[in-house]
Amino acid sequence: MSYFYIMERQSRLDLLQGTLDLLILRTLQTGPMHGWAISERIQQISRDVLQVNQGSLYPALHRLERQGWIKAESGISELGRRARFYQLTARGRKQLELETNDWLRLTTAIGRVLEEA
Amino acid sequence: MSLHDFLLRAKAILHGSKVEEELDEELQSHLELQTRKHLDGGLSFEQAKRQARIDFGVVELAKDNCRDERRVNVVDDLLQDLRYAFRGFRRDPMLASVAPLTLASCIGANTTVFSLVNTIILRPLPYPNSDRLYWLSERAGEAKTNSAPVRTITACARRTKSLRTWRRIRHGRSTGPAWRNPSS
């Protein structure tokens, strides 16, 4: 399953499932947000390089909620419809920190291999 | 399964329709916001709506994946599998009855054998101080039998109560009846 699209090449990028989870957690660090806002924000911040596959966004949100890393509250969207607003829990913050460290170690290691091997 | 997990699942099962409704509204809300984004980008209403759906992909699939993530489907799937199994039994009752019958006869045979072995070998003898009980036997000359005739034993038992004196009565000091503790 693809979790992101890379915009310029119009091709799907199969990143690890954990990557989407990590970006969602990081995005929610700025405050509570509903699903659409999360996907928009990831796209904006990545300067349109990453577009979240919206079909896998919501399963990811429900998965994170089940794991207790985010919690959902009912709210009203900008267009007046009821929507679920997600926010980080304390455990989610801890998880974000762990996963960020893992990600940095992984990318540093890959970078090294690409440059020096 | 954590308490948190349990509560989420319980909610999904007890308030199934409410959770479904929430999920439906959540995705509808997303589609509306995406439609408005395309409207702002200059598409007509119909085009914008269509594009939003294309962006999202198959809504029902996403819903089903959400249910999977919440583990709501586990109960549904289980019930579905049970119904399927029962239909299978009804279609072929012979096969369906052979399996439990085989199991029943095997369990029965096993229980019988075990209760025999348990009474005869495993459980201690039903007498007080059963570890001090001895099994006596005598061997007379080259006789193949190694148990004393009942008459001899009862005669000896009338004359003595200790093994040592019995040995003296029957054989003198050197040779004696073998005795062994059946539990050793």
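Just so we're clear, the structure is a prediction, and the values are computed from it rather than from any experiment.
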> Counting only heavy atoms not in B:Lys63, do more than 12 fall under 6.0 Å of its NZ?
Replying inline: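 Result for NZ/B:Lys63: enclosed.
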
> Got more than 12 heavy atoms from elsewhere within 6.0 Å of CZ, A:Arg41?
Replying inline: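 Count not over threshold, so no.
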
> Can you name the nearest heavy-atom pair linking B:Glu69 to A:Pro59, along with the distance?
Replying inline: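 The answer is CG-O, 3.2 Å.
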
> Closest approach of A:Thr89 and A:Gly68, non-hydrogen atoms and distance?
Replying inline: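 For A:Thr89 and A:Gly68, the tightest heavy-atom pair comes out as OG1-O, 2.7 Å.
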
> Within residues 107-117 of chain A, which positions have a heavy-atom distance to chain B below 4.5 Å?
Replying inline: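 Within residues 107-117 of chain A, no residue comes under 4.5 Å of chain B, counting heavy atoms only.
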
Side-chain donor-acceptor pair present, [X], [Y], cut-off under 3.5 Å:
X       : Y        : answer
A:Glu97 : A:Asn101 : no
B:Asp55 : B:Gln34  : yes
A:Gln29 : A:Arg26  : yes
B:His30 : B:Glu25  : no
B:Glu26 : A:His62  : yes

> Where on A:Ser39 is there a heavy atom nearer than 4.5 Å to chain B: the side chain, the backbone, both, or neither?
Replying inline: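 Contact with chain B is through the side chain of A:Ser39 alone.
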
> Between A:Glu65 and chain B, which part of the residue has a heavy atom less than 4.5 Å away: side chain, backbone, both or neither?
Replying inline: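 Interface part for A:Glu65: both.
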
>> To the nearest 0.5 Å, what is the distance between CD1 on A:Ile38 and CG on A:Leu20?
In response: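 Going from CD1 on A:Ile38 over to CG on A:Leu20, the span is 9.5 Å.
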
> Does any heavy atom of chain A fall under 4.5 Å from the side chain of B:Glu21, the backbone, both, or neither of them?
Replying inline: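 B:Glu21 touches chain A through side-chain heavy atoms alone.
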
> Side chain, backbone, both or neither: which part of B:Leu61 has a heavy atom under 4.5 Å from chain A?
Replying inline: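 Contact with chain A is absent: no heavy atom of B:Leu61 under 4.5 Å.
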
> Side-chain heavy atoms under 4.5 angstrom apart, residues restricted to Ile, Leu, Val, Met, Phe, Trp, Tyr: same cluster for B:Leu31 and A:Phe85?
Replying inline: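 No, no single cluster joins them.
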
>> Does anything in residues 35-47 of chain B reach chain A? List residues with heavy atoms under 4.5 Å apart, or say none.
In response: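 B:Arg36, B:Lys37 fall under the 4.5 Å cut-off.
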
